[in-house]
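Each chain gets a letter, A, B and so on, in the order its sequence line appears, and its residues count up from 1. Values below: all heavy atoms of this structure, side chains included; hydrogens, waters and symmetry mates excluded.
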Amino acid sequence: MSEVQKFKVTIDNITIEVAPGTTILEAARKIGGEVAPPAMCFYSKLKGSGGKCRTCLVEVSKGSEKDPRPMPKLVASCRTTVMDGMEVKNITSEKVPDARAGVVEFLLLNHPLDCPICDQAGECHLQDLSYEHGREGTRYEFQKRVFKKHDLGPYIQLHMTRCILCYRCVFTADQLTNKRVHGILDRGDHAEIATHIEKALDNDFIGNVIDVCPVGALTDKTFRFKNRVWFTKPVDAHRDCPTCSGEVQLWMRGDEVFRVTARKDEWGEVKENSKGETGWICNECRFEKKHIHDWTIEGPSVINRHSVISQGHYVGITKPKETVQEVIGKEPRLLMDIHSVSQVNKPNIDLSLINGPAHSDDFNHPNTNGKQD
Amino acid sequence: MGIKLLLDKAHVEGIRYFDVYRREGGYRSVEKALKTMSPEAIVEEVKKSGLRGRGGAGFPTGMKWSFIAKPEGVPRHLVCNADESEPGTFKDRYLMEFLPHVLIEGLIISSFALGSNATYIYIRGEYAWIPDILEQAIAEAKANGFLGKNILGTGFDCEIYVQRGAGAYICGEETALIESLEGKRGNPRIKPPFPAIQGLWMRPTVVNNVETLAAVVPIINMGGEEYAKIGVGKSTGTKLISACGNINKPGVYEIDMTISVEEFIYSEEYCGGIANGKRLKACIPGGSSVPILPANLLFKTAKGETRYMNYESLSDGGFATGSMMGSGGFIVLDEDQCVVKHTYTLARFYRHESCGQCSPCREGTGWMEKILKKIDSGKGEMKDIDLLWDIQRRIEGNTICPLGDAAAWPVAAAIRHFRDEFEWHVLNPEESQKRNYGLAHYADAREVVA
Ligand SMILES: Cc1cc2nc3c(=O)[nH]c(=O)nc-3n(C[C@H](O)[C@H](O)[C@H](O)COP(=O)(O)O)c2cc1C
Ligand code: SF4
Ligand code: SF4
Ligand code: FES
């Protein structure tokens, strides 16, 4: 086997070459767009993650060039490596949407659906997942499981009711801190994230569990109820930090820093920093530096995912790749994109330059004479 | 009397102790294997015997053994799965409690064949008194030179350790068992890698059921080919069946797999017929996870052929009209039993035992339990039956380990064969709280001898 050997894999009719050992999910992410299956538990920066939520199930219609038999069951794309000549169906599969809708229904079964009072709303992966793959109602008519809220130390709050048991925070604590003090107690639908005896999670890097949590189960107490994420603007900034790289994203409104997080990529994962390491940030940067003078502002963050957090950002964005045309081989009838600027009400200024959300004043109104220049 | 290979000495007084066991011909197979055979030859013999795993899946043991990776300088392990937590299954307990030396003898040969110098028995926590029996047997074997350093002067070293579980069904799944043995939370691993490549402490590992490993003893004693002559087709050798439910003689029976289901239930040698002069309604032939069969599909396959107590015949017809040999937990339901309540009981078990790692199993098992409870308590609606079907369908095949399937199958089979009983519960909520649905068309037609 030579080092340059690559495996050819076809996902939803699009063929790509990847290194052996690449998972189907990683290969699909290289193609991008809708072809990439949703992932609620896999996190490329956390060793051992994935395989649990089952949202990334795909159909392998051809195992490999050598053994072309299809795989009998749907497989978790995040934990299945590609073989040369493999053919995978994600959005083109007949079975996948049904199984995925089932998974979404299962994930929402005991979920409180308290988005209106959840700080994660707007950047929640479970919200996105249910919009894209779920059904409109629930068939569950029983009482949901309930847990009390818990403070895990001074900075982090746990809403166990919202947790989907993805284990990401457990892997984070294992891999980023010297000693994990929280984990999963009990089993089945009565399993919960907990510290054995009320313990504070205190480690310089433990705040990162907030960033990896796909839902609003682990939230930042210093940001709690302060604002909705879509009213704040993400700005890249850095500081000289003795503990971490100090490269962060500030979520601002006017001059006020509401929240500090790590920088995320289009899959919602913490990005690499300028040193080429995963850009985890320390607690001090995240929780203690909430003044604009603490930071050197680099400029508006580039957002490249379909999300309401880019709603105040109609320009200066990278659009996620559109693959539908390639997959189905023709122009789709209608594509709606949250990033598209309305041709009916064209704003008259660059919206990323204004503070806070856009208001009607910022748009041209053909009927109102006064506002137009 | 059928052939007995494992339990033939069960009635000998004191057979639990080394001296008696040895006097009765015990440990001959260790002498034969270690002194005259190579590890490869033993694996070959096991392959020839056609032995299939007795833990539930029925995977050919010789083939499983030949998959074990042998990287230079990396220790390998054999793990004996004595977690036996499948409802209706209690055959391993019988063997370990009354004939512990058969297991130890099998373990020594198997360890030699696989190159395991440290072998583990992982036993379910609820079998609280059995580890002592096993440990005594191990100590006796060691004192007599069959374990420890340089066994029988052959240079082979082997220690056997007994590890107690903490009472979780899921720790019977081989990778969850390995995690638990390593001192971690008993979550099944995501495969690959398979244990044969990276198992216990990431070393090549084979996990086998108690009965599987005990069966290696007669295989070595009589030779694989002779062993394969017992039984029929791909069901070779003998099988322990733990029979329970509404029968006259519940207990553990060793059968050769040529007898019919009818003979097993009705003959005096085995179950002795249905208790209290009742009629047979249904049976789960292989432990709670396998599909339940109504009496009319139990004795005869859908094609009208006699159904036998073996792997092929029990699964004849697939899941539509057949079931599985499973772990040999044979549960018999008489005419007084309610299939809805019974299914609810099983659903409760699976909900309680799901490890909770993957969402379809974690959430789906709880949901099925709630709906079944609703129907059982006379509050069900017709749509609930279809909903149950839809939920089990979306669990099956979409989970990390087979517990998801094991939870889905009993529900699916109950609805498939007993839908009328579910519907009757919905249509007659009050009456269903007072009496059982009855037998309908699926009962065993035989006359009741009152
Ligand atoms: C949920 C679950 C529980 C299991 N419990 C047991 C058990 O208690 N005993 C057992 O021998 N095998 C059990 N198994 C099967 C094991 O995973 C494994 O297949 C078996 O130990 C292999 O042994 P064998 O090849 O000798 O049958 C279980 C499997 C699952 C999925
Ligand atoms: S708290 Fe969040 S990160 Fe942790 S397991 Fe639950 S959902 Fe996942
Ligand atoms: S199928 Fe059930 S028991 Fe198995 S890993 Fe998933 S949640 Fe755990
Ligand atoms: S992302 Fe693959 S199973 Fe969760």
Side-chain angles (χ1 to χ4, degrees), chain A residues 23 40-42 48-57 59 71-76 78-81 95-96 98-111 126 129 135 138-145 163-167 170 174 183-193, chain B residues 166-171 175-176 184-193 348-374 379-381 383-384 386-388 390-405 407:
Chain A
T23 61
M40 297 296 289
C41 68
F42 173 77
S49 67
K52 301 189 195 297
C53 70
R54 318 306 280 179
T55 56
C56 70
L57 291 174
E59 179 183 346
M71 292 193 183
K73 294 182 191 173
L74 302 181
V75 299
C78 65
R79 293 292 293 250
T80 310
T81 47
K95 297 181 208 154
V96 169
D98 177 60
R100 199 168 283 158
V103 172
V104 176
E105 189 174 28
F106 288 135
L107 284 174
L108 292 176
L109 217 57
N110 275 304
H111 189 84
L126 188 58
L129 182 79
R135 46 164 78 221
T138 178
R139 298 180 289 174
Y140 187 71
E141 46 183 29
F142 305 96
Q143 201 173 2
K144 300 190 180 216
R145 58 174 194 170
C163 171
I164 59 159
L165 291 168
C166 70
Y167 284 62
V170 180
D174 264 342
I184 300 200
L185 295 189
D186 223 318
R187 58 180 184 236
D189 59 1
H190 31 296
E192 61 176 307
I193 292 281
Chain B
Y169 171 59
I170 191 57
C171 289
T175 55
K184 301 186 194 139
R185 184 185 158 83
N187 277 0
R189 289 181 182 168
I190 294 148
K191 292 179 258 191
R348 241 169 65 205
F349 172 79
Y350 288 107
R351 182 217 158 191
H352 188 256
E353 297 301 331
S354 160
C355 84
Q357 258 190 110
C358 48
S359 36
C361 170
R362 175 181 68 237
E363 306 292 344
T365 50
W367 195 4
M368 291 197 302
E369 183 212 307
K370 291 193 176 85
I371 297 172
L372 281 160
K373 183 177 182 186
K374 183 180 163 194
K379 301 195 182 79
E381 299 162 71
K383 69 170 174 39
D384 291 331
D386 296 322
L387 183 55
L388 269 179
D390 204 48
I391 299 170
Q392 68 79 20
R393 180 179 70 81
R394 281 175 156 166
I395 299 174
E396 193 206 339
N398 290 338
T399 58
I400 296 176
C401 87
L403 188 139
D405 302 338

Between B:Ala168, B:Pro192, B:Ser354, B:Cys361, which has the largest tally of heavy atom pairs under 4.5 Å with chain A?
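Among B:Ala168, B:Pro192, B:Ser354, B:Cys361, the one with the most close pairs to chain A is B:Ser354.
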To the closest 0.5 Å, what do you measure between [atom1] ([X]) and [atom2] ([Y])?
X	Y	atom1	atom2	value
B:Glu363	A:Arg145	CD	CZ	6.0 Å
A:Glu141	B:Glu381	CD	CD	5.5 Å
A:Arg187	B:His352	CZ	NE2	5.0 Å
A:Leu108	B:Ser359	CG	OG	10.0 Å
A:Lys73	B:Thr399	NZ	OG1	6.0 Å

May I ask you to decide if [Y]'s main-chain N or O and [X]'s side chain share a donor-acceptor pair within less than 3.5 Å?
X	Y	result
B:Arg362	A:Phe106	no
B:Arg185	A:Ile184	yes
B:Arg351	A:Asp189	no

Got a sec, which residues hit side-chain hydrogen bond (donor to acceptor under 3.5 Å, both in side chains) with A:Lys144, two or more places apart in sequence or on another chain?
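Partners of A:Lys144 under the side-chain hydrogen bond (donor to acceptor under 3.5 Å, both in side chains) test: none.
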Test side-chain hydrogen bond (donor to acceptor under 3.5 Å, both in side chains) applied to A:His190 - qualifying residues, sequence neighbours left out
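Per chain and number, A:His190 pairs via side-chain hydrogen bond (donor to acceptor under 3.5 Å, both in side chains) with no residue.
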Can you see which heavy atom on A:Ala99 is nearest to which on B:Asn398, and at what distance?
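In terms of heavy atoms, the two residues are closest at CB-ND2, 3.9 Å.
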At a heavy-atom separation under 4.5 Å, does [X] approach chain A through its side chain, its backbone, both, or neither?
X	result
B:Lys191	neither
B:Glu353	both
B:Arg189	neither

Those residues of residues 365-374 of chain B, ordered by number, that approach chain A below 4.5 Å (heavy atom to heavy atom):
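If one takes a 4.5 Å heavy-atom cut-off, the residues of residues 365-374 of chain B near chain A are B:Gly366, B:Trp367, B:Lys370, B:Ile371, B:Lys374.
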Applying salt bridge (Lys or Arg N to Asp or Glu O under 4.0 Å), run through B:Asp386 and A:Arg139 and close with a yes or a no.
CA-CA 11 Å; B:Asp386 296 322; A:Arg139 298 180 289 174; over 6 Å; no
Output all residues satisfying side-chain contact (heavy atoms from CB on, under 4.5 Å) with A:Cys41, sequence neighbours left out; order by chain, then residue number.
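A:Cys41 satisfies side-chain contact (heavy atoms from CB on, under 4.5 Å) with A:Lys52, A:Cys53, A:Cys166 once adjacent residues are dropped.
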Which answer fits A:Gln143, side chain, backbone, both or neither, if we ask what part of it has an atom under 4.5 Å from a heavy atom of chain B?
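Just the backbone, heavy atoms under 4.5 Å.
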Between A:Val103, A:Asp186, A:Val75, who has the most heavy-atom pairs with chain B when the cutoff is under 4.5 Å?
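Sorted descending by pairs with chain B, the first entry is A:Asp186.
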For chain B, which candidate among A:Asp98, A:Thr80, A:Leu57 shows the most heavy-atom pairs at distances under 4.5 Å?
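Maximum pair count with chain B is reached by A:Asp98.
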